[in-house]
Amino acid sequence: MIDVKAARNAPDEWRVALERKGAAGAFDAFLEADRAWLDLVPEVDELRGQTKIKGKPTPEQLESLKTVKEELQRREAELEAAVAARQLALDEVPNPPDASAPDGDTDDDAVELRRVGEQPTFPFEIRDHVDLGVPAGWLDLERATRLSGSRFAYRMGDFALAELALYRMALTRLAAHGFTPVIAPVLVREEAMYGTGFFPTDAVNIYGIERDDLYLVGTSEVSLAALHMDEILDEDELPRRYVGYSTCFRREAGAAGKDTRGMFRVHQFDKVEMFVFCRPEESADTHEQLLAYEEELTAALKIPYRVVNIAAGDLGASAVKKYDIEAWFPQQERYREITSTSNTTAFQARRLGARFRRDKKVEPMHTLNGTAATARALLSVVENHQQEDGSARMPAALVEFGAPELLRAPA
RNA sequence: GGCGGGGUGGCUGAGCGGUCGAAAGCGGCGGUCUUGAAAACCGUUGGGCGUUCACGCGCCUCAUGAGUUCGAAUCUCAUCCCCGCCGCCA
């Protein structure tokens, strides 16, 4: 949710910024609905005031109350409609992008900030994670499909150990940076989905358990953001930094035919996610810091990567700015997203009711999120560190947390 | 799954249908006292919306929605949620 008062005060600036997200029209529609609502509010307030009588009313007062209440009833119906229309319009207005988010509407418009690490060269025919993992017994996709349908995977043996080592490495390192480790619920109520902004926008990608009115989270961002839902913290309690581990579930509606090979894009995966509540003036720096942590983790995996600054028109509704880390996938010969960190400023917090108090005033916090680790990173590790015999070397950072030094080749 | 209790401000917890946005305590903030702090004492202190340069003023809000009433935190109904006991269970 945007800062409505700020938007009213500087509509032209807001319109220009929102135009970069293609939302100038939505903004104008909101302003109009807001105006209509603003006109109605004092009228209804005035009528309501007239109905308040202290103590026992006289017969004359009772008589005049009748006409006032009739008028009030009409006006309240109008107001109710105006409130609904305004809310609908408001929900369509995204968070205006930060000035440093580049222009453009697609992932091609993202600006590459840097490339780190050297792309490996191989003196042999290289394989992707499927051709490596299936023969070696690290992955079983066929049986997973038989069990659950397409886009599911069994991860087994050395690979399973390496994957858990990855999550543990991320949790341990981030805990050392001051994040509170969290193992979060993955089934949540509808309110949590609305509060974090996944409903109604992304509802098609969320699995629902109809019988119990619960929903499976697509990311632990939901569970972590909800930690301070409807709370008012003291200023000195900020920042609050969490690193959550959870399984994530996504229907991947709208991804038909995309990334269907292997476990690059599956319905169920695990993720370690960072989530920060902070003071407004801290969020920009915090965002850079989250990116730095993501780069630290990626570098520890010894995989080549690049950092991109996502184009304004390609940002989600809530982000003002987003950095992705893309890891090198040698068989695809391209960089693919493995992490993403967004600054959602007060947009998410406002809807969430996550506020803090300073100098007697209550204001929304800022919230940020960022991926710490998913198995996708491990796919890049496996592919970049593959050996001719089909095995794959694991970086020391993972071995330290229980990964085998070598994911064994097929017997 | 069975039976019972309950949802009030940052927290705990009172609340006769009107003078209740709501006692009291805790916490927070300001002050007195003190070299400073603590203690003690005094004052102040929910959130949201609108309006105002501001002091302020108006409206909404006692889980949610509907109803009774001139008037509801208080009465009625429905829904949601929480807690306790028993059963089952990783």
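- Rounding to whole angstrom units, CZ of residue A:Arg358 and C1' of B:rC29 are separated by 17 Å.
- Relative orientation of the A:Phe27 and A:Trp14 rings is parallel, given thresholds of 30° and 60° on the angle between their planes.
- Rounded to the nearest Å, the gap between the P atom of B:rG10 and that of B:rC89 is 43 Å.
- Regarding A:Arg351, its CZ atom lies at a distance of 18 Å from the P atom of B:rG48, rounded to whole Å.
- One finds no salt bridge joining A:Arg250 and A:Glu252 here, because no Lys/Arg side-chain nitrogen approaches an Asp/Glu carboxylate oxygen to under 4.0 Å.
- Contact annotation for A:Leu38: backbone-only contact, meaning every heavy-atom pair under 4.0 Å involves sugar-phosphate atoms and none involves a base.
- The CD atom of A:Glu237 sits 10 Å away from the C1' atom of B:rG10 (whole-angstrom rounding).
- For A:Arg86 and A:Arg189, each mapped to the nucleotide of RNA chain B holding its nearest heavy atom, the one lying further toward the 5' end belongs to A:Arg86.
- A distance of about 15 Å separates the C1' atoms of B:rG43 and B:rC33, rounded to the whole Å.
- The same atom, P, is picked in B:rA14 and in B:rC29; the two are 27 Å apart, to the nearest Å.
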Given pairs defined as Watson-Crick or G-U wobble with both distances under 3.5 Å, what dot-bracket annotation applies to RNA chain B, with ( ) intrastrand, [ ] crossing, | other strand and . unpaired?
((((((((.[[[..)..(.....]]]((((((.......))))))((((((....)))))).[[[[[..)....]]]]])))))))....

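- When the C1' atom is compared between B:rA73 and B:rG18, the two are found 13 Å apart, to the nearest whole Å.
- Using cut-offs of 30° and 60° for the angle between ring planes, the A:Tyr215 and A:Phe199 rings count as perpendicular.
- The residue among A:Arg35 and A:Arg357 whose nearest nucleotide of RNA chain B lies closer to the 5′ end is A:Arg357.
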Treat primed atoms plus P, OP1 and OP2 as sugar-phosphate and everything else as base, then score nucleotides 52-66 of chain B 5' to 3': B for base contact with protein heavy atoms under 4.0 Å, S for sugar-phosphate contact only, - for none.
------BSS------

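- Remark: P of B:rC29 and CD of A:Glu235 are 12 Å apart, rounded to the nearest angstrom.
- For the pair A:Leu214 CG and B:rC80 C1', the computed distance is 13 Å after rounding to whole Å.
- With B:rG50, B:rG10, B:rG48 as the choices, the nucleotide that has an atom nearest any side-chain atom of A:Val362 turns out to be B:rG48.
- Heavy atoms of A:Arg8 sit under 4.0 angstrom from primed sugar atoms or phosphate atoms, though from no base atom.
- Rounded to a whole Å, the CD atom of A:Gln87 is 13 Å from the C1' atom of B:rG48.
- Salt bridge absent: A:Arg355 and A:Asp230 never bring a charged side-chain N and a carboxylate O closer than 4.0 Å.
- A salt bridge is absent between A:Glu326 and A:Arg336: the closest approach of a Lys/Arg side-chain nitrogen to an acidic carboxylate oxygen does not fall below 4.0 angstrom.
- At a threshold of 4.0 Å, the pair A:Arg189-A:Asp213 does not count as salt-bridged, since none of the basic side-chain nitrogens sits closer than that to a carboxylate oxygen.
- The pair A:Glu363-A:Arg357 does not count as a salt bridge, with every side-chain nitrogen at least 4.0 angstrom from each carboxylate oxygen.
- Going from atom CE of A:Met229 over to atom C1' of B:rG10 covers 18 Å, rounded to whole Å.
- The closest donor-acceptor contact from the side chain of A:Gln387 to the backbone of A:His385 lies under 3.5 Å.
- Ring geometry for A:Phe179 versus A:Tyr293: interplanar angle over 60°, hence perpendicular rather than tilted (30 to 60°).
- Between the P atoms of B:rG21 and B:rG9, the separation comes to 16 Å (whole Å).
- As rounded to whole Å, 14 Å separates atom C1' of B:rG10 from atom NE2 of A:His228.
- As rounded to the nearest Å, B:rG46 and B:rC41 have P atoms that lie 22 Å from one another.
- Between B:rU68 and B:rU76, the distance separating the two C1' atoms is 7 Å to the nearest Å.
- Look at A:Glu405 and A:Arg393 and you find no salt bridge, because none of the NZ, NE, NH1 or NH2 atoms lies under 4.0 Å from a carboxylate O.
- If you take atom C1' in B:rG25 and the same atom in B:rC77, they sit 36 Å apart, rounded to whole Å.
- Syn is the glycosidic conformation of B:rC55, whose angle stays within 90° of 0.
- Salt-bridge formation is detected for the pair A:Glu281/A:Arg358: a Lys NZ or Arg NE/NH1/NH2 atom is positioned less than 4.0 Å from an Asp or Glu carboxylate oxygen.
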